[in-house]
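Here the structure is laid out as structure tokens; the discussion comes afterwards.
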Amino acid sequence: MSRTVIETIPILPFGMVNSFLIAFEGKAILIDTGLPQSEPKILKALKKHSLVWSDVNAIVLTHAHIDHAGSAVAIKSLTSAPIIAHEMEIPYCQGERPTLNATGLFGRLFYKTGAILEPFPYFRPDVPIAQPKLNLSEYGFPMCTLHFTPGHTPGSLSVLFDDGRVIAGDLAASGILLGGIAFRKRPKRPPFEESAALVATSLEQLLALGARKFYIGHGGPLGAKTIDTHVHALRKISPLPG
Ligand SMILES: [Zn+2]
Ligand SMILES: [Zn+2]
């Protein structure tokens, strides 16, 4: 049986902002839609796998920050595919100002640019997820399961493959600044994180489920050992209670 392809879509170069196309037997699911006006980059990835817009069966959002949900409305109109997001993420999908706890100097400077708070076309997810996990077999991908992995935002989702690959949104990042040219293998926190403790718990949960290769929104991919190191660093910032 052919392996599911994970195609990284460079929304910005050098891994600064990534979306992902997963493709299997002529069908596709888009994981995150990038900043507004990312349609040409997504189309390029589809063409690379001889796919067209109508082959996209679903649009999954790891979360609803502008760099992940900015083109959701445009892609939905091109594909007619449903937008899948966690119900806890609905306020952000509808334009509520996200909680932005900067994790360091870059986050504070980035916040000042205002880019993260720019408006984008808002929407209501067609498939709001309330359960802790959902198999994507209904969309043609029986080897992929959505997991509720909160922390970066309240409704963050990850897509776990049977073979240990996982698309984990902004649960971790790597590189300098946003993604970046250097240090792509070195884990770090993304510029903003709502709860370091919840992120650590979500990453531990994915590791326990067998996640071995983490594809992320900024930088990456990162191996399980690197993620484990990152979890330990997060626990130092935010120890388990008790
Ligand atoms: Zn984010
Ligand atoms: Zn992001």
Side-chain angles (χ1 to χ4, degrees), residues 5-23 28-49 51 59-72 74-75 98 100-118 120 151-153 156-159 161 165-193 199 203 206 211-227 229-230 233-234:
V5 169
I6 299 181
E7 177 74 27
T8 300
I9 307 173
I11 300 297
L12 291 178
F14 306 118
M16 286 195 285
V17 178
N18 305 315
S19 288
F20 299 94
L21 183 76
I22 60 175
I29 294 180
L30 183 66
I31 316 291
D32 288 338
T33 63
L35 294 157
Q37 289 158 5
S38 293
E39 301 95 298
K41 285 155 190 164
I42 294 164
L43 182 60
K44 201 172 162 191
L46 284 168
K47 281 186 176 161
K48 190 172 166 187
H49 295 280
L51 296 165
I59 301 158
V60 170
L61 299 179
T62 63
H63 63 293
H65 283 156
I66 186 173
D67 48 323
H68 300 258
S71 291
I75 301 298
L100 296 169
N101 300 327
T103 55
L105 179 63
F106 178 66
R108 289 194 289 278
L109 293 174
F110 190 40
Y111 179 84
K112 280 189 184 157
T113 68
I116 185 85
L117 291 171
E118 284 284 310
F120 61 92
H152 176 64
T153 61
S156 287
L157 293 172
S158 298
V159 185
F161 293 66
R165 292 176 294 170
V166 64
I167 300 171
D170 287 358
L171 280 182
S174 76
I176 48 170
L177 305 177
L178 198 61
I181 303 154
F183 306 125
R184 287 279 290 274
K185 297 290 167 198
R186 190 182 294 178
K188 64 171 192 176
R189 302 168 75 195
F192 308 103
E193 199 164 73
V199 168
L203 286 171
L206 289 172
R212 290 294 169 261
K213 187 173 184 184
F214 289 71
Y215 293 83
I216 49 182
H218 310 287
L222 297 172
K225 239 184 170 158
T226 311
I227 292 294
T229 306
H230 187 57
L234 290 172

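Values below: all heavy atoms of this structure, side chains included; hydrogens, waters and symmetry mates excluded.
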List in chain and number order the residues that pass side chain to side chain donor-acceptor pair (under 3.5 Å) with [X], two or more places apart in sequence or in another chain; answer none if no residue qualifies.
X     : answer
Lys41 : none
Ser38 : none
Lys48 : Glu7

Query raised in the report: Any side-chain donor-acceptor pair under 3.5 Å between Ser156 and Thr153?
Result: yes

Requested in this report: Could you tell me which residues satisfy ring pair (Phe, Tyr, Trp, His ring centres under 6.0 Å) with Phe161, sequence neighbours excluded, listed by chain and number?
Outcome: none

Query raised in the report: Sequence neighbours excluded, which residues qualify as ring pair (Phe, Tyr, Trp, His ring centres under 6.0 Å) partners of His230?
Result: none

Can you measure from [atom1] ([X]) to [atom2] ([Y]) and round to the nearest 0.5 angstrom?
X      : Y      : atom1 : atom2 : result
Leu35  : Glu118 : CG    : CD    : 10.5 Å
Ile29  : Ile22  : CD1   : CD1   : 4.5 Å
Ser174 : Lys188 : OG    : NZ    : 7.5 Å
Tyr215 : Leu222 : OH    : CG    : 11.0 Å

Who are the side-chain contact (heavy atoms from CB on, under 4.5 Å) partners of [X], not counting sequence neighbours?
X      : answer
Glu39  : Gln37, Trp53, Ser71, Ala74, Ile75, Leu78
Ala102 : Arg108, Phe192
Arg212 : Leu207, Ala224

Looking only at heavy atoms, which two atoms of [X] and [Y] are closest? And how far apart?
X      : Y      : value
Asp32  : His63  : OD1-N, 4.2 Å
Ala69  : Ala64  : CB-CA, 3.8 Å
Val5   : His49  : CG1-CE1, 3.5 Å
Leu61  : Ala72  : CD1-CB, 4.4 Å
Pro221 : Lys185 : O-NZ, 3.2 Å
Ala211 : Val166 : CB-CG1, 3.8 Å

**Report entry** side-chain contact (heavy atoms from CB on, under 4.5 Å) between Leu171 and Leu206, intermediate numbers included
**Finding:** CA-CA 11 Å; Leu171 280 182; Leu206 289 172; 3.8 Å; yes

Donor-acceptor contacts under 3.5 Å from residues 10-18 side chains, at least two apart:
unit_1: Asn18; atom_1: ND2; unit_2: Ile216; atom_2: O; d: 2.9
unit_1: Asn18; atom_1: ND2; unit_2: Gly219; atom_2: O; d: 3.1

Query raised in the report: Are Pro187 and Ile227 close enough that some pair of their side-chain heavy atoms sits under 4.5 Å apart?
Result: no

Requested in this report: Side-chain contact test, heavy atoms from C-beta onward, threshold under 4.5 Å: evaluate it for Thr62 versus Val60 and give yes or no.
Outcome: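 No, their side chains stay 4.5 Å or more apart.
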
Report task. Spell out, as yes or no, whether a donor-acceptor pair under 3.5 Å connects the side chain of Thr229 to the backbone of Lys225. Result -> yes

Query raised in the report: Between Thr8 (side chain) and Phe20 (backbone), is there a donor-acceptor pair under 3.5 Å?
Result: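 The answer is no, because no donor-acceptor pair under 3.5 Å joins these two groups.
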
Query - Option from Ile42, Thr33, Ile31 for which side chain to side chain contact (heavy atoms under 4.5 Å, CB included) with Ile9 holds - result: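 It is Ile42; the other options fail the test.
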
Query raised in the report: Can you name the one residue among His152, His65, Arg189 that meets side-chain hydrogen bond (donor to acceptor under 3.5 Å, both in side chains) with Asp170?
Result: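 Of the listed residues His152, His65, Arg189, the side-chain hydrogen bond (donor to acceptor under 3.5 Å, both in side chains) partner of Asp170 is His152.
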
